[in-house]
Structures are given as C-alpha cells and as structure tokens.
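First the structure, in the form of structure tokens, and then the observations on it.
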Amino acid sequence: MIKKVKDDGKSSFSKIIYNSEIVEIFTKVADLLDIKGDNEFRIRAYREAVRTIERLPWQIQNLIEEGRDLTKLPGIGKDLEIKIKEIVKTGGLKQLQRLKKQVPEGLTSLLELPALGPKRVHDLYLQLKIKNKQDLRNKLMQNEVSQLKGFGRKITAQLKKALEQDATKKERIKFKTIEQYLKPLTSWISQDKLVKKVFVAGSYRRKKETIGDIDILAISSDPNQVSRRFTRFPEIKDILSQGETKASVITNPSLQVDLRVVVPKSEGAALFYFTGSKAHNIKIRNIALDKGLKVNEYGVFKGGKRIAGQTEKEIYKLLGLDYIPPELREDKGEVEAALNNNLPHLVKLKDLKGDLQMHTKSSDGTSSFEQMAGRAKKLGREYIAITDHSSFIGITQGLDEKKIIKQVAKIKRFNEKISELHVFAGIEVDIKEDGSLDLPNKILKQLDLVVCAIHSKFNLSLEKQTQRLIKAMENPYCNIIAHPTGRIIQKREPYKLNLEKIFKMAVKNQVLLEINSQPSRLDLNDENIMQAKQVGVKFSLSSDAHSPEELFYLKYGVYQARRGWLEAKDVLNTYSLAAFTQFLKQKKKR
DNA sequence: GCCGTTTTCGGCCCGACTGTTTTCAGTCG
C-alpha cells in the first residue's frame, strides 16, 4: 500500500527505504538461492543488481517517485524492477519470505567461513540439519561433520579454527595505510634474483579509496621458485595456498596478499587480469569472444594461437579499444567509451596549479601561512588559498572578525613582497543549522575566497540538510562547498542529502564542489563526482592540509577525481592564476 | 534473471589451488 504523506507533499511513501535495504534483501535472496542450488545465472543476476544499486548515488525511492524507468539501470530488467518496487512500497519481499521457508536464513552466515560455499553448506543442512554457526560448532565437536563425504581432516580443522576466532570480518583498509605496508612486501619480492619486475595490481592500481587485499604480480621465467620464496616472507602469519604460479598469505598486520607470477611474454595479459575489476575483465573477455578470441591471464588467443599479451596496450588495441587507464576499469561505461574513442583525458597531479583549502596555526593547523606557502611552492603550486576556520566550532580555535581582517592584511603584504606564489586570503566558514554562514557578508566580502562547510548537526532530515546546504550556496560570497557529504571513511556516514538537487544548485550558483584529499575523507567520492560532472558541476581539488607535510595529500584527491572521470577542465584549480582570479571576480560581480 | 547492429531464445569469463578424489567438484579471485 502506498500512503500519501499529505503535509509537505514531498514524499509519496509512508516510510523511507534506503538503497542499502534493497541490497540486503537481494543479497539474501542470492545467497539462499545459491544454497538451494538454483540456476547460477539467475543468482548472478541478483548479485549484479546489488552491484548496480550499491554504487548508485541516488536513492532508488526518489527515482521511483519521479517515475524513472529502473530497467535503464544496468542489470535491472522487468522482473527486478517489480521486485525493487515491492521492497520500496512494502519494506519487504514476498519471494524472500518463501525462500526462508525452504532454506533456513542462518545458513547464509555459514558462507562467510573459509572452504564453505553453497554446495557444502547445503550438504551440512541436508545431512546434519545444521542451520547456523552454533549448530556447526556442536556437530564439529561431536565429530559428526568429519563423517560427511567431502569433509576431510583439513577442512574440519579449518572450520574449527575459523569458528574459534570468528575471523569472518575482513575490514577494508584505507589507501594511504596500504601504501605503508607495500614497501617491505614489494622489496622482499624484488630481492629475489629470479624476479624481473613487480607490479601492485588489483584495487590498489585502480586507486580505490579502500583496499580489501593486496594483489601483486611478479614477472619471472621461473614462477614456481618465486611463488615458493614469497611464502617465506618474514612477516607471514598464515599461508592460505601456494602453487606453481600463485600464492596467498596472511601477513602481519592481518592482510591478505595474493601473489601471481607469470613469464615475461604474458606480462600485459597478467597485469590486465590482475588489475580487474572483475566486471571490467568480464566485459573485455566478452568483446574478445564476439571476435572469436579468448583472453586469459597469459594472453589473447585465436584458436590455440597466442596473438597478444606482452603489454596491456596491445591487448586493448587488438580488441579495437583505446587504452583504458586502471582508475576507470569498473565497468561504468569505460569500455563503451573506449570503443567510441570517447574516453576522458583524465586530470593529472601536474595539472594542478593551486590548492584551495588549507589551515595554519591561526586555527587548527601546525604552521604559519608563510611555511605553508613555502612548501606549496616547492611542490610546484602557483597559488594557494589559506582557509582557516571561522570561530563557530570552538575546538578549532577559529578566527573571529578582527583576526580575519588582520590575516587578510598580512597576506596582502606577503603577496606584494613575494611574486613566485600567490596566496588567496580565504576562510572555511561554518554553515549553521539554518543554512546561514558563521560570518556576516561584510566580512566575507573582504576575502578572496570563501569555503563553506558543515561541521555540526550531521543528523538533520534529508529535506532540512539539503535546504541548509542550498541556502549556503545561495549566499553570493560562497565559492566552494568543502567535503560536501561529510562522510569519514569507515567512521561516519554521509549526511542525508538530495545530491541531485545539490549538484543542480551548485551549477546554478557557480559554486564549486570540493574533492577533499584527506585520506579519510575523499569527499566527494568517485560516484558522486561522476554524477556531479554529468550535471555540469565544476570542482575544486584541495589538500585540506593542516601542516606542510599534508600538502602532498593532493595526489589522493587526484586519484579520486580520475576515478570520477574528471578532466583538467572540470577542476578549477588547474586554471592559471589569471584565469582562476578571473573566475572569482566574475562571481563577485553577481 | 538479464540481454540482444548476427539472437526475444539461448547464451551467460576464465583459470588456479585444495582436498579428497581414484579423475574431479568446490571454492576463490
């Protein structure tokens, strides 16, 4: 039943259903069908739909309300559209209820355990009536599991160990943290005289904001030896598998590392395969199949004959595609774009001429603005904006009106003396709950650049939070919205916002949306960036440095921007000083 | 269950490693 909410007319549904709830239900359906032994392609269809919904930046409920055709989304057909609508309207799915009657729900938790896939879970249920982890624990103790066909000593031992540790949760790790772990690993592998080259592939090479495990590719004429020696890396806790061409280990700190070793002539094919993403690989392999070719990690094959594989470039070329940079390999349209010579020319770190958010010891930074400017100059920047906090949030010791005027004067004097780098006098001003800014316009007017941000009241309703941000953007002095969604990776969810509206209003008011480069923010994220760009949003890419050392964080923002398909022209701080100054002036005239 | 400049039916990526197998199924990435 759909209930109209009468008072504001904004929502036609009685209850908000988030995308995550649809994802949860479809995942459960897929898992249960899997255990039941249903058609594997039907199961795959549910998982594909989950993938689509997970990365959708819009709330599906809103799309339905606006009458959008969900079957336009990849992997969503007529059937799944009907099911999504059922979930959004009723909060549940009848099909799932039926399935739960056939297969106990607790069985899906068993899939988290090592060596347990749908087939073995099904056997455990059928033969021993095991319905959940507790049942499994009991039957293992009573030595009943080892009686089953297919459950030998090793598997039962593995299961006991896993249940003891309940080591089922594997948290992803932030990109910057992974960088530190890589050095000892790659240098251990490189030390091997048999190793010619080492690549870090996987999601690390695609520059994802978090990394699940480390995938390393080594090139050697003797893969077997290299794989063996790898498992003697001193910081190894556990060896998961070790064969002639690959090995998987758990290191200290707990991190899964997969090594793959191929001979030199397969370098390109293996790098392609091991970089992923899985969805991208499948798409490419399908294109190959259409052409009567086969792609695997050893090369491209026609009949039994190997016709490419030395480099990634030759593989893409052979398939009629432009070279696709790793950051784009997510099956988000990059393959189609590569077919039509339509790939973006992705922004590069060296394109960035300025850095538009940073802090000094006038608020919560560690250094003077002169020190920040000095380091920025060394990094090749031509201009920076000093954007200390306004005084609204007490903890950061923000600037009040008097201090701001003083700092502006100081920066002006600096610019008169120093010509190699221009400093814009800016502020990171707080957006208050009602959307007004923490400083009066007569003060903001005197600044070169105004960055607005939310630092409080994160839990407002979707309507209120959206309105708050829009009101801030409508202030004629607002140039940039900093970390627009407020998420902190693995710590804080984004605020509830109607991003589509925010993007449109940003365009209308000539407000830049920030890509904040702090490794735990990276806000906007890649999906948001992609969608915002389609609406016509322009961006600022900022380090948000609180010390000179953090100025290099800009590279993380660049990775995120590239994953969001941005070109230099989309990012305003790739503009020359003159052009960027012109942009600011134009806004002030409004 | 999705999808389609060959198809509205008949496809749906590909291979390595493990354990328990007497030749391969299941799991994993």
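So that the names make sense, note that chain A is the first sequence line, chain B the second, and so on, each numbered from 1.
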Task: Nearest-Å distance for atom pair CG/P, residues A:Leu73 and B:dG1 - done: 18 Å
TODO: Classify the nucleic acid contact of A:Ile284 as base, sugar-phosphate or nothing, counting any heavy atom under 4.0 Å across all strands shown.
DONE: nothing
TODO: Determine, for A:Lys131 against A:Asp135, whether the closest basic-nitrogen to carboxylate-oxygen distance falls under 4.0 angstrom.
DONE: no
- [ ] Give a yes/no answer on whether the side chain of A:Lys83 brings an N or O atom under 4.0 Å of OP1 or OP2 in B:dG1.
- [x] yes
Open item on the list: In this structure, how many angstroms lie between the P atom of B:dT18 and the CG atom of A:Leu116, rounded?
Closed with: 18 Å
Task: A:Ser220 and A:Asp222: side chain donor to acceptor below 3.5 Å - done: no
Open item on the list: What contact category does A:Lys278 fall into here, base, sugar-phosphate, or nothing, at under 4.0 angstrom with non-hydrogen atoms?
Closed with: base
- [ ] Measure from the side-chain N and O atoms of A:His122 to the backbone N and O of A:Ile35, and report whether any donor-acceptor pair falls under 3.5 Å.
- [x] yes
TODO: Grab the NZ-C1' distance between A:Lys149 and B:dG19 for me, whole Å please.
DONE: 13 Å
Task: Quiz item: cation-pi between A:Lys207 and A:Tyr204, 6.0 Å / 45° - done: yes
TODO: Identify which nucleotide among B:dG15, B:dT20, B:dC2 has an atom closest to any side-chain atom of A:Leu80, counting heavy atoms from C-beta outward.
DONE: B:dC2
- [ ] Would you classify A:Asn286 as touching base, sugar-phosphate or nothing, given that sugar-phosphate means primed atoms plus P, OP1 and OP2, and contacts are heavy atoms under 4.0 Å?
- [x] sugar-phosphate
Open item on the list: For the residue pair A:Asn19 / A:Glu21, report whether a side-chain donor-acceptor contact shorter than 3.5 Å exists.
Closed with: no
Task: Residue whose closest nucleotide on DNA chain B lies nearer the 5' end, A:Gln242 versus A:Leu148 - done: A:Gln242
Open item on the list: Between B:dA25 and B:dT20, how far apart are the two C1' atoms, rounded to whole Å?
Closed with: 10 Å
Task: A:Glu48 CD to B:dC3 P, straight-line distance once rounded to whole Å - done: 10 Å
Open item on the list: The side chain of A:Pro118 is closest to which nucleotide in this list: B:dG29, B:dC2, B:dT27?
Closed with: B:dT27
- [ ] Take atom C1' in B:dT21 and the same atom in B:dG26, then report the distance between them in whole Å.
- [x] 12 Å
Task: Whole-Å gap separating C1' (B:dT20) and NZ (A:Lys119) - done: 17 Å
Open item on the list: Can you tell me which nucleotide in B:dG1, B:dG29, B:dG19 comes closest to the side chain of A:Ile155?
Closed with: B:dG19
Task: Nearest-neighbour nucleotide for the A:Arg285 side chain, B:dC13, B:dC2, B:dT27 considered - done: B:dC13
Task: C1' gap between B:dC3 and B:dT8, integer Å - done: 10 Å
TODO: Check the distance between B:dT27's P and A:Gln158's CD and give it to me in whole angstrom.
DONE: 12 Å
Task: P atoms of B:dC24 and B:dT6, separation to the nearest Å - done: 38 Å
Task: 5′-ward residue of the pair A:Lys78/A:Leu240 relative to DNA chain B - done: A:Lys78
TODO: Respond yes when some side-chain nitrogen or oxygen of A:Arg44 is under 4.0 Å from OP1 or OP2 of B:dC13, and no when none is.
DONE: yes
TODO: Write down the distance separating the P atoms in B:dT23 and B:dC28, rounded off to the nearest Å.
DONE: 25 Å
- [ ] Counting heavy atoms from C-beta on, name the nucleotide in B:dG19, B:dC17, B:dG1 closest to the side chain of A:Lys246.
- [x] B:dC17
Open item on the list: Counting only side-chain heavy atoms from C-beta out, which of B:dC13, B:dA16, B:dC2 sits nearest to A:Thr245?
Closed with: B:dA16
Task: A:Tyr273 side chain near B:dA16 phosphate (N/O to OP1/OP2, under 4.0 Å) - done: no
Task: Candidates B:dT18, B:dT27, B:dG29 - which lies nearest the side chain of A:Arg120 - done: B:dT27
Task: A:Arg229 to A:Trp188, cation-pi by 6.0 Å centre distance and 45° axis angle - done: yes
- [ ] Could you tell me whether the side chains of A:Thr275 and A:Arg205 share a donor-acceptor contact shorter than 3.5 Å?
- [x] yes
Task: Plane angle bin for A:Phe26 and A:Tyr46 - parallel if under 30°, tilted between 30 and 60°, otherwise perpendicular - done: perpendicular
- [ ] Grab the CG-P distance between A:Leu70 and B:dC3 for me, whole Å please.
- [x] 12 Å
Task: A:Tyr46 OH - B:dC12 C1' separation (whole Å) - done: 17 Å
Task: Shortest side-chain distance from A:Lys154, nucleotide among B:dG15, B:dT20, B:dC2 - done: B:dT20
Open item on the list: Suppose we define a pair by two distances each less than 3.5 Å, Watson-Crick or G-U wobble; what does B:dC3 pair with here?
Closed with: B:dG10
TODO: Can you tell me, in whole Å, how much space there is between the P of B:dT7 and that of B:dG11?
DONE: 15 Å
- [ ] Name the nucleic acid region contacted by A:Glu40, choosing base, sugar-phosphate or nothing; use a 4.0 angstrom heavy-atom cut-off, strictly under.
- [x] nothing
Open item on the list: Give me the distance, rounded to whole Å, that separates B:dC17 from B:dC12 when you measure between the P atoms they each carry.
Closed with: 25 Å
Open item on the list: Please report the distance separating the P of B:dG4 from the corresponding atom of B:dC13, rounded so that it comes out in whole Å.
Closed with: 14 Å
Task: Nucleotide of B:dG1, B:dG15, B:dT18 approaching A:Tyr298 most closely (side-chain heavy atoms) - done: B:dG15
Open item on the list: So, OP1 or OP2 of B:dG15: does either fall under 4.0 Å of a side-chain N or O from A:Asn296?
Closed with: yes
TODO: Give a yes/no answer on whether the side chain of A:Gln256 brings an N or O atom under 4.0 Å of OP1 or OP2 in B:dG29.
DONE: yes
TODO: Between B:dG19, B:dG1, B:dG15, spot the one nearest the side chain of A:Arg42, thanks.
DONE: B:dG1
